[in-house]
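Residue numbering restarts at 1 for every chain, and letters A, B, ... go by the order of the sequence lines.
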There are 2 protein chains.
Amino acid sequence: MKQIDAKDRQIIRELQRDGRLTNQDLAERVNLSPSPCLRRVRLLEEAGVIVGYSADVDTRACGFQITAFIRIALQRHEGDAVERFEKRIQDADEILDCFLLTGEADYLLRVVVADLDEYEHFVRNRLHGIPGIGSITTSLVYGTVKSSRVFPL
Amino acid sequence: MKQIDAKDRQIIRELQRDGRLTNQDLAERVNLSPSPCLRRVRLLEEAGVIVGYSADVDTRACGFQITAFIRIALQRHEGDAVERFEKRIQDADEILDCFLLTGEADYLLRVVVADLDEYEHFVRNRLHGIPGIGSITTSLVYGTVKSSRVFPL
DNA sequence: GCATTATTTGGCAGCACATGCCAGAGGCCT
DNA sequence: AGGCCTCTGGCATGTGCTGCCAAATAATGC
């Protein structure tokens, strides 16, 4: 695997800012001509540095009034319970992210749902249906101070 | 402002899955011809439903070994302190996300840095430099079970 | 220091795609 | 049913993508 150099970093930065940048514009911004620029992008994609591209959608405008962060601790940590738990996480579309954390909780989930009714439904029918959960701590998001997809220089 | 219909939702879904989809491919997937499809996309952009597009980059592969979630409670909540705090958040490139939360903490931050040294530097020089912070609780990410950008159906 | 090799770059050509315009289809109210 | 409004589809033009080859630059050996 190749090493990432300064030019690659520039490319990544620009594509994080605008994932639909034209290859020509991108090339111009990083002071390259289109062909080598495109090749670098393809290499970054193949190397798994650039995993994909996506539209950033406003949750509220799209009808999802509730975003919640949920911290979960398991009762037991045998491989079996963990596997089943993570499988259920994968299958729940409302759960966008799930991270393994150090600290008091084991997992941190980010969940979006249309409204409080759906949230209740999600917690009662989905979360509580997963065996092996020890504790659940919910925090609702009532504001977004910052939301960036661009890594620090 | 227009109401979002089923076709718009389909478009949003496809563009969340692949933000670089060609308008032609997109049109095909949602059973539309290119022109009306493109128009819908533009309307969604202008309406602020689609906020932008971005490349999804692997933090580790890009050299950021550490991702941390940091919960912060303020000491005081006068408008002044809050404003200054949030300004500092905006200016810190290491902080990718910052949400206002219900529950014990006031804020949840998502932070990425290259390594533990940089993390220490960030906490000591950036975070502790912000006045008015009451408590800080750090959780390091040591695994990602799920990471999706596609909203539930 | 010079020659050789490897890697990266830039330009060109053919092809696919985006985009604005206009006519036609479908829905809705009266 | 008629008329109005909205949305769709097709076409034409200009722009961008992408693969190939030659030139330039960087790395290596002697």
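- Between A/Lys146 and B/Asp97 there is no salt bridge, since no side-chain nitrogen of the basic residue lies less than 4.0 Å from a carboxylate oxygen of the acidic one.
- Atom pair A/Lys7:NZ and D/dA26:C1' shows a separation of 15 Å (rounding to whole Å applied).
- Separating the CD atom of B/Glu45 from the P atom of C/dA18 is a distance of 13 Å, rounded to the nearest angstrom.
- Taken to the nearest 0.5 Å, the CD1 atom of B/Ile11 stands 12.0 Å off from the CZ atom of B/Arg9.
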> For A/Arg149 and A/Asp56, what are the C-alpha separation, side-chain angles and deciding distance, and is it a salt bridge (charged side-chain N to carboxylate O under 4.0 Å, His left out)?
Replying inline: CA-CA 10 Å; A/Arg149 322 202 141 285; A/Asp56 304 332; 2.9 Å; yes
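- As rounded to whole Å, 17 Å separates atom C1' of D/dT15 from atom CG of A/Leu26.
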Donor-acceptor contacts under 3.5 Å from residues 121-136 of chain B side chains, at least two apart:
residue	atom	partner	partner atom	Å
B/His121	NE2	B/Asn125	ND2	3.2
B/Arg124	NH1	B/Glu120	OE2	3.2

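- Remark on the helix from C/dG1-D/dC30 to C/dT30-D/dA1: inter-end axis angle 40°, axes from five-pair C1' superpositions, rounded to 10°.
- Salt bridge B/Arg29/B/Asp18: absent, no basic N to carboxylate O contact under 4.0 Å.
- Look at CD on B/Glu28: it is 17 Å from C1' on D/dT8, rounded to the nearest Å.
- Rounded to an integer number of Å, the gap from CG of B/Leu43 to C1' of C/dG20 is 14 Å.
- Taken from OH in B/Tyr107 to CG in B/Leu101, the straight-line distance is 10.5 Å, to the nearest 0.5 Å.
- Taking atom CG on B/Leu44 and atom P on D/dC7, their separation rounds to 12 Å, with Å as the unit.
- Remark: C1' of C/dT19 and CZ of B/Arg40 are 18 Å apart, rounded to the nearest angstrom.
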>> Walk along nucleotides 16-21 of chain D from 5' to 3' and tag each nucleotide B, S or - by protein heavy-atom contact under 4.0 Å, base first, then sugar-phosphate.
In response: BSSB--
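- B/Asn31 has its CG atom 12 Å from the P atom of D/dT8, to the nearest Å.
- Residue A/Thr67 holds its OG1 atom at 9.0 Å from CG of A/Leu140, rounded to the nearest 0.5 Å.
- Between the side chain of B/Thr22 and the main chain of B/Gln24, no donor-acceptor pair closer than 3.5 Å is present.
- Counted by atom type alone, A/Glu45 and A/Tyr53 present one or more donor-acceptor pairs between their side chains at under 3.5 Å.
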